[in-house]
2 protein chains.
Amino acid sequence: MHEVIQKLKAAGLKITPQRLAVLEAVKSFHGYHPTAEDVYKKVKEKYPAISLSTVYRVLDKLVEIGEIKEIVVSSSERRYDARKDAHYHFVCKNCKKIYDIPKEMVEIVWKKPLEGKKILNQNFVVVGLCENCYTGNEE
Amino acid sequence: MHEVIQKLKAAGLKITPQRLAVLEAVKSFHGYHPTAEDVYKKVKEKYPAISLSTVYRVLDKLVEIGEIKEIVVSSSERRYDARKDAHYHFVCKNCKKIYDIPKEMVEIVWKKPLEGKKILNQNFVVVGLCENCYTGNEE
DNA sequence: AAAGATATGCAACAAGGTTTCATGATAAAT
DNA sequence: ATTTATCATGAAACCTTGTTGCATATCTTT
């Protein structure tokens, strides 16, 4: 929590209760990857006055300063991840649940370098059917 | 073009000029990965009466029968790809341009199998800065 | 050629996210 | 501690992307 305050200050941003509450909320979803709406509902529990637009704005800022990540697993909604270490994701085509894939499970090897371009992030997203949906018991 | 007709028939779908025109349009964007809107504009050139909702519906069907693919590279809009062979994508964080990465350039090795889950697709999306944006000449 | 089934166009709608603007809170400088 | 300049917030309006309901039109099969 101290760390964020440093980062916010370093970026010339103010320390507001909303910002701290939103970050807390995102962090509270261990293993789950919340949408902005999910975060909004969670924050409201302890901070009923917060507005949805503030949540959107704070999420953007937290991504900007690298305190959380946006994961791109759907073309229709944004999802956030408080985990900052590298890892990958599995998305169930049926129930849409998102699972973490530990970095150690997969090795990504470049056979030839990507000439001219600068790589900032490597997103590996596996789409398939999870345990529940694969065996037929829809969720 | 013959192939699609077979696929549509096999899926119990009718052969309509709109469906053929939308597929043609998607195919015409070599190397570019159009949004539904892009496809709509392109189709309109030769088929001015088509409606946007039809384009959305046809794109869905074409994805369903595997004639085109939806690529997930943004959380806010869908993009389509007529290329059916496996390959990956690079997205420029600055100009948002999408580049194809040939399959041969990257090798994805599973160190441990994904227990219980069935893999349908492996999407590898690299985010970074492209030639133009990296060197400072914004686009 | 007719019948049945499916697709289309239009317009209304919905979800997710953004923007504007007046007000309120923060941080730096007295 | 107070003031002041700046930045952030809440509320509501708005925008973009995609979806749906329904009447009409078009396919396909007989």
Side-chain angles (χ1 to χ4, degrees), chain A residues 4-26 33-44 46-65 67-68 70-80 96 98, chain B residues 1 4-26 33-44 46-65 67-68 70-80 96:
Chain A
V4 209
I5 295 184
Q6 297 315 316
K7 281 199 183 177
L8 287 170
K9 284 190 176 170
L13 300 172
K14 290 179 177 168
I15 317 303
T16 67
Q18 288 93 334
R19 283 177 177 163
L20 300 179
V22 168
L23 176 59
E24 267 315 292
V26 177
H33 307 79
T35 61
E37 192 67 37
D38 291 329
V39 174
Y40 176 58
K41 284 181 186 152
K42 173 65 84 175
V43 176
K44 277 213 129 180
K46 296 209 169 176
Y47 202 125
I50 202 167
S51 74
L52 183 53
S53 49
T54 293
V55 171
Y56 277 113
R57 284 185 287 223
V58 171
L59 288 170
D60 281 352
K61 289 294 181 194
L62 292 175
V63 170
E64 263 177 57
I65 65 173
E67 195 51 33
I68 61 175
E70 187 202 333
I71 61 173
V72 180
V73 290
S74 151
S75 299
S76 59
E77 49 177 26
R78 294 182 188 172
R79 291 190 168 266
Y80 297 91
K96 312 297 180 199
I98 301 163
Chain B
M1 222 0 79
V4 209
I5 295 184
Q6 296 316 316
K7 282 199 182 176
L8 287 170
K9 284 191 175 169
L13 300 172
K14 291 179 175 169
I15 317 302
T16 67
Q18 289 92 333
R19 283 175 176 163
L20 301 178
V22 167
L23 177 59
E24 268 314 293
V26 177
H33 307 80
T35 61
E37 192 67 38
D38 290 330
V39 174
Y40 175 57
K41 283 182 188 152
K42 173 66 85 175
V43 175
K44 277 212 129 180
K46 294 209 170 174
Y47 201 124
I50 201 167
S51 74
L52 183 53
S53 48
T54 293
V55 172
Y56 276 112
R57 284 185 286 225
V58 172
L59 287 170
D60 281 352
K61 290 293 181 195
L62 293 175
V63 170
E64 265 177 54
I65 65 173
E67 195 51 33
I68 62 175
E70 187 202 332
I71 61 173
V72 179
V73 290
S74 150
S75 298
S76 59
E77 49 177 28
R78 294 182 189 169
R79 289 190 170 268
Y80 298 91
K96 312 297 180 200

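Side chains are part of it too, since the values below use all heavy atoms of this structure and drop only hydrogens, waters and symmetry mates. First the proteins, then the strands, lettered A, B, ... as listed; each starts at 1.
- Distance, K61(B) NZ to dC27(D) P: 17 Å, rounded to whole Å.
- Listed pair Y56(B) / dT19(D) fails the phosphate criterion, with no side-chain N or O lying under 4.0 Å from OP1 or OP2.
- Counting non-hydrogen atoms under 4.0 angstrom, S76(A) reaches the backbone sugars and phosphates but no base.
- Looking at V26(A) and L59(A), their side chains come closer than 4.5 Å, going by heavy atoms from C-beta outward.
- Between Y80(A) and V63(A), the closest side-chain pair of non-hydrogen atoms falls below 4.5 Å.
- At dT9(D), one or more side-chain N or O atoms of T16(A) fall inside 4.0 Å of OP1 or OP2 (strictly under the cut-off).
- For the atom pair NZ of K42(A) and CD of E24(A), the computed distance is 11.0 Å after rounding to the nearest 0.5 Å.
- Rounded to an integer number of Å, the gap from Y40(A) OH to dA11(D) P is 8 Å.
- No side-chain heavy atom of I50(A) sits under 4.5 Å from any side-chain heavy atom of V58(A).
- Atom CD1 of I5(B) is separated from atom CZ of R19(B) by 12.5 Å, given to the nearest 0.5 angstrom.
- Taking atom CG on L20(A) and atom P on dT26(C), their separation rounds to 10 Å, with Å as the unit.
- Taking atom NZ on K9(B) and atom C1' on dA5(C), their separation rounds to 16 Å, with Å as the unit.
- When rounded to the nearest whole Å, the span between NZ of K44(A) and C1' of dA11(D) equals 12 Å.
- Straight-line distance from the CD atom of E77(B) to the P atom of dT16(D): 12 Å, rounded to whole Å.
- R78(B) contributes atom CZ, which lies 5.5 Å from atom OG of S76(A) (distance to the nearest 0.5 angstrom).
- R57(A) has no side-chain polar atom (N or O) that falls below the 4.0 Å cut-off from OP1 or OP2 of dA8(D).
- Following rounding to the nearest Å, K14(B) (NZ) and dT24(D) (C1') show an atom-to-atom distance of 13 Å.
- Taken residue by residue, residues 46-55 of chain A places heavy atoms nearer than 4.0 Å to DNA chain D at A49(A), I50(A), S51(A), S53(A), T54(A).
- Taking only side-chain nitrogens and oxygens, Q18(B) never comes nearer than 4.0 Å to OP1 or OP2 of dT26(D).
- Between L20(B) and I15(B), some side-chain heavy-atom pair lies under the 4.5 Å cut-off.
- At least one side-chain nitrogen or oxygen of R78(B) sits closer than 4.0 Å to the OP1 or OP2 atom of dT19(D).
- When the C1' atom of dT9(D) is taken as reference, atom CG of L13(A) falls 14 Å away, rounded to whole Å.
- Nearest nucleotide to the A36(B) side chain, out of dA8(D), dG18(D), dT28(D): dG18(D).
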